[in-house]
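Since the model is a prediction, treat every value here as computed from it, not as a measurement. A, B, ... follow the sequence lines: proteins, then strands. Residue 1 opens every chain.
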Amino acid sequence: MYRDKGCAQIGIDDVGKDIRLCGWVYRNRDHGGVIFIDLRDRTGIAQIVFNPEPLLTVGGPDTQGDTHKTARHLKAESVIIISGQVCRRPEGTENHDIPTGMVEVHVKSLEVLNMSDPLPFPIDEGGEISETLRLKYRYLDLRRPEMVANLITRYKSCKVIRDYLDEHGFIDVETPVLTKSTPEGARDYLVPSRVNAGAFYALPQSPQLFKQILMIAGLDRYYQIVRCFRDEDLRADRQPEFTQVDLEMSFVDMDDVIGVVEGLLKKLFYEIKGQQIDTPFERIKYKDSMARFGNDKPDMRFGLELRDVSGLIKDSTFKVFQDAIASGGIVKGVCGKGMASYSRREVDILTQEVQAMGAKGLAWIKVKDAFESPIVKFFQEGTLREMADMLGAQPGDMMLFVADQESVVNDCLSRLRLDIAKKNGLIGAQDNFVWVVDFPLMEWVPQEDRFAALHHPFTSPTDDDIKAILATEDMNNDERARLTSKAYDIVLNGSEIGGGSIRIHRSDLQQKVLGLIGIKAEEAMERFGFLLDALKYGAPPHGGLALGLDRLIMLMTGAQSLRDVIAFPKTQKAACPLTSAPSQVDKTQLRELHIRLNIED
RNA sequence: GGGGCGGUAGUUCAGCUGGUCAGAACGCUGGCCUGUCACGUCAGAGGUCGCGGGUUCGAGCCCCGUCCGCCCCGCCA
């Protein structure tokens with residue numbers, strides 16, 4: 001062993017002991033005589049001291065002189081090993097900002113294990129560094145204490161999760177990374193097969209089908225902390241490869257899965273953040289979430305709920321609202337808390353924002369002593385008062401309305417609602433977990449001119465809907481749109497952190513549901529016939545859920561980006577600045593894979 | 001695929017209406033300093049203004065194209 005302890009593991013109990021430490025030179029303070037160096041490793045920082053005169057307790061003044069000279073010229077991030085005596089710091093020189101601030105090590109010998117070149121960017125400051133540079137020199141970036149802390153939080157969270165699931169009878173089973181293209185869902189990452197000319201593996205978007213197969217195999221309870229891949233464009237909270245806490249259980253219904261996951265999150269937040277969260281979590285129906293918050297991941301830490309005023313304004317003479325309703329749309333509003341003082345210009349900016357989301361415009365009515373707006377003349381005084389009541393608007397607020405098709409209205413107002421809350425500091429400090437339940441089974445996708453599964457094609461309908469589906473030959477569009485699934489999403493502070501469902505475990509029902517979303521029997525057999533076959537041989541009722549680990553850790557650490565909780569993340573173009581992946585490959589490799597490139601200029 | 005913002009010293013940035021605009025801070029190099037902890041202090045070095053083209057007497061600044069990064073829409077649970 002090179003060392004006796006980690007840098008931050010020395011303390012008042014070690015005073016008087018001789019000790020060896022290794023680490024990186026974090027900061028070097030040369031006072032001409034005495035030299036202080038902050039020595040850093042994963043555990044933290046220790047102050048080591050070089051005195052110009054040899055300590056009385058040790059011999060060799062000549063070596064001491066050399067040591068002092070070497071210490072003076074140590075460059076930042078050089079790796080050194082020292083031995084010396086742990087001493088209590090002199091009265092008045094303690095540093096209460098660091099855990100080891102009561103002590104310091106008086107160095108007797110110093111060896112430079114590896115001198116560092118000048119750094120491409122400073123790692124000892126809080127200042128923002130270009131992310132490309134950070135990713136290119138990720139090994140330096142990861143030395144920063146906050147990055148170390150994030151990775152440690154991530155590791156500890158995984159350990160808590162594994163321990164919890166182990167205690168609840170789950171076993172970790174690995175599933176293939178080279179697998180088959182997934183039905184529905186996102187674009188697959190493909191891997192060409194050398195030995196099967198023209199054939200491709202796909203990287204899994206999730207182990208969905210495998211975990212169902214494991215249930216059919218009788219594994220009873222499975223989990224995996226597993227890498228998943230989706231070849232879609234990125235966002236701050238989206239990476240091309242990401243990690244899921246994937247779990248599946250047999251002989252369960254929705255409440256069982258929800259119970260296990262609530263227990264998991266409760267334990268996780270307690271162990272990692274010391275935070276007590278109350279279970280069971282609130283549940284909200286999809287339909288209600290859309291109505292009250294305009295999306296299926298409601299941030300319920302604040303009010304400002306959306307209200308449908310279509311009924312109220314029936315008799316108004318405001319043509320914009322009338323036209324929207326006449327063409328099948330609705331009018332909804334949200335309360336702009338404290339925004340009655342907004343200037344024309346500020347309102348214009350809001351208008352542009354909703355227009356960017358697809359709305360034709362934004363109607364506003366300021367609530368002051370009277371109602372103020374170019375459009376008040378179209379409404380009865382009583383109607384205006386009722387609007388204000390519905391929206392909870394007080395004097396000083398501004399009512400904001402969008403009139404359009406329901407989806408556009410919800411889209412615009414849900415974002416507007418979040419904006420208003422952020423700008424006005426209305427977001428409560430208490431974490432809010434909520435289950436969104438009763439999702440539609442399928443939805444109409446205009447671009448593809450068909451229905452598609454909202455969750456995925458293996459999601460079970462509710463018991464009533466199962467009966468209805470099995471009892472009829474076919475269903476019309478209205479009937480299909482009304483089907484409800486046993487799917488559930490877990491939402492934390494307006495971010496979806498996971499989702500799952502009870503699966504279909506009967507072959508006949510699965511066939512019918514596939515039919516309803518327009519997947520033909522032949523196509524189904526070709527793409528996931530193995531699952532359909534498996535359902536015929538004694539598949540137990542089962543269901544599960546997957547948590548997005550990266551996003552969860554991001555929320556728990558307060559990181560601004562997923563990239564800050566992933567050791568080696570990719571840029572928005574899915575590139576890795578450290579390794580320069582993806583990159584071109586040798587022609588020979590392509591030939592072996594039976595691939596010829598066809599790149600347009 | 002579309003929209004927005006950005007790219008100037010090793011780093012973070014400033015650079016006005018095109019004309020002392022090649023600048024600051026930190027870092028780096030060398031010196032001084034025995035109790036600092038973002039030590040202090042003196043001196044010095046350091047630039048293809050992302051890249052290509054254009055307008056102009058003159059471009060870091062204006063125009064066109066392009067590359068890269070970030071945020072958002074589409075896409076994606």
Side-chain angles (χ1 to χ4, degrees), chain A residues 26-40 45-53 68 72-73 75-77 87 89-98 100-101 104 106 116-137 140 182 184-188 205-206 208 228-240 242 244 295-297 352-353 355-358 411-412 415 436 439 445 447 452-456 459 487-491 495-501 545-548 551 560-561 563 570-573 575 577:
Chain A
Y26 195 46
R27 295 196 185 92
N28 192 339
R29 295 179 293 280
D30 176 5
H31 287 249
V34 66
I35 298 170
F36 301 99
I37 286 178
D38 289 337
L39 191 64
R40 187 204 70 242
I45 289 168
Q47 172 163 282
I48 62 174
V49 186
F50 296 82
N51 284 296
E53 301 302 327
H68 196 263
R72 168 177 296 207
H73 291 99
K75 295 193 209 316
E77 294 307 307
C87 301
R89 291 196 188 187
E91 191 95 14
T93 65
E94 300 90 350
N95 182 350
H96 299 288
D97 296 332
I98 59 173
T100 60
E104 60 192 13
H106 290 207
S116 173
D117 279 354
L119 302 170
F121 58 88
I123 72 170
D124 66 336
E125 285 169 14
E128 292 279 299
I129 304 293
S130 128
E131 220 173 335
T132 322
L133 207 60
R134 287 175 54 198
L135 293 180
K136 181 173 178 188
Y137 299 96
L140 297 179
T182 326
E184 309 281 290
R187 193 178 293 117
D188 290 312
Q205 292 178 28
S206 78
Q208 180 60 36
C228 304
F229 307 84
R230 287 174 193 168
D231 188 5
E232 295 291 349
D233 290 341
L234 306 182
R235 291 284 185 280
D237 61 353
R238 231 191 274 165
Q239 279 276 304
F242 58 98
Q244 282 189 348
N295 62 31
D296 62 358
K297 43 178 187 172
Q352 284 165 18
E353 283 169 8
Q355 282 173 336
M357 302 171 213
D411 211 24
C412 293
R415 288 173 208 222
V436 181
F439 280 84
V445 184
Q447 298 95 315
L454 197 71
H455 188 62
H456 57 54
T459 302
Y488 32 84
D489 277 359
I490 176 72
V491 173
S495 289
E496 185 205 323
I497 58 170
S501 63
L545 169 141
L547 293 170
R551 201 174 289 179
Q560 291 301 302
S561 157
R563 295 180 294 273
K570 294 190 169 49
T571 66
Q572 200 158 51
K573 289 194 74 183

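If you check B:A77 for Watson-Crick or wobble pairing at under 3.5 angstrom, you find it has no partner at all. The partner of B:U48 cannot be assigned: no Watson-Crick or G-U wobble pair with both contacts below 3.5 Å exists in any strand. B:C39 is unpaired under the Watson-Crick or G-U wobble criterion, no partner having all donor-acceptor distances under 3.5 Å. Summarising the base pairing, B:U11 is matched to B:A25 through a Watson-Crick or G-U wobble pair whose two defining distances lie under 3.5 Å. Nucleotide B:G6 is matched to B:C68 when pairs are restricted to Watson-Crick or G-U wobble geometry with both distances under 3.5 angstrom. Judged by Watson-Crick or G-U wobble contacts below 3.5 Å, the nucleotide B:C16 has no partner.
Across B:A25 and B:A45, the matching P atoms stand 15 Å from one another, rounded to whole Å. The same atom, P, is picked in B:A14 and in B:G7; the two are 7 Å apart, to the nearest Å. Between the C1' atoms of B:G27 and B:G10, the separation comes to 7 Å (whole Å). B:G31 and B:U36 have their P atoms separated by 24 Å, given to the nearest Å. Taking the P atom of each, B:A22 and B:A38 are spaced 38 Å apart, rounded to whole Å. Comparing the P positions of B:U17 and B:C63 gives a spacing of 13 Å, expressed to the nearest Å. Between the P atoms of B:A59 and B:G54, the separation comes to 12 Å (whole Å). Between B:U55 and B:C72, the distance separating the two C1' atoms is 34 Å to the nearest Å.
The 12-atom threshold is not exceeded at NZ of A:K297, counting heavy atoms of other residues, nucleotides or ligands nearer than 6.0 Å.
A close approach under 4.0 Å does not occur between any side-chain nitrogen or oxygen of A:K136 and OP1 or OP2 of B:G69. Here A:K573 reaches the OP1 or OP2 of B:C68: one of its side-chain N or O atoms lies under 4.0 Å away. Distances shorter than 4.0 Å separate none of the side-chain N or O atoms of A:R29 from OP1 or OP2 on B:U36.
A:Q355 contributes no side-chain N or O that, together with a main-chain N or O of A:E353, makes up a donor-acceptor pair within less than 3.5 Å.
Smallest separation of non-hydrogen atoms from A:T132 and A:P577: O-CB, 4.0 Å. In this structure, A:D296 and A:F439 approach most closely via the heavy-atom pair OD2-CE2, 3.9 Å. Of all the heavy atoms in A:R89 and A:N95, the pair that sits closest is NH1-CB, 3.4 Å. For A:A186 against A:Q205, the heavy-atom pair with the smallest separation is O-NE2, 2.6 Å. Across all their heavy atoms, A:S116 and A:K75 have their closest contact at O-CD, 3.4 Å.
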Protein-nucleotides 41-45 of chain B N/O pairs closer than 3.5 Å?
none

Open item on the list: Return a single string for nucleotides 71-76 of chain B, one symbol per nucleotide in 5' to 3' order, where B is base contact, S is sugar-phosphate-only contact and - is none, cutoff 4.0 angstrom on heavy atoms.
Closed with: BSBBBB
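Put simply, the side chain of A:E104 and the base of B:G35 share a donor and an acceptor less than 3.5 Å apart. For A:D30 against B:C39, a side-chain-to-base donor-acceptor contact under 3.5 Å is absent.
With rounding to the nearest 0.5 angstrom, the CZ atom of A:R551 is 10.0 Å from the CD1 atom of A:I497.
Between the side chains of A:E104 and A:H106, a donor-acceptor pair is found at a separation under 3.5 Å.
Take A:P122 and apply the side chain to side chain contact (heavy atoms under 4.5 Å, CB included) test, not counting sequence neighbours, and it matches A:D124, A:E125, A:I129.
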TODO: Give the C-alpha distance, both sets of side-chain angles, the deciding distance and a yes or no for side chain to side chain contact (heavy atoms under 4.5 Å, CB included) between A:L547 and A:I490.
DONE: CA-CA 8 Å; A:L547 293 170; A:I490 176 72; 3.9 Å; yes
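Judged by ring centres under 5.5 Å apart and planes tilted less than 30 degrees, A:F121 fails to stack against the six-membered base ring of B:U11. Here A:H31 counts as stacked on B:C39: its ring centre is under 5.5 angstrom from the base ring centre and the planes meet at under 30°.
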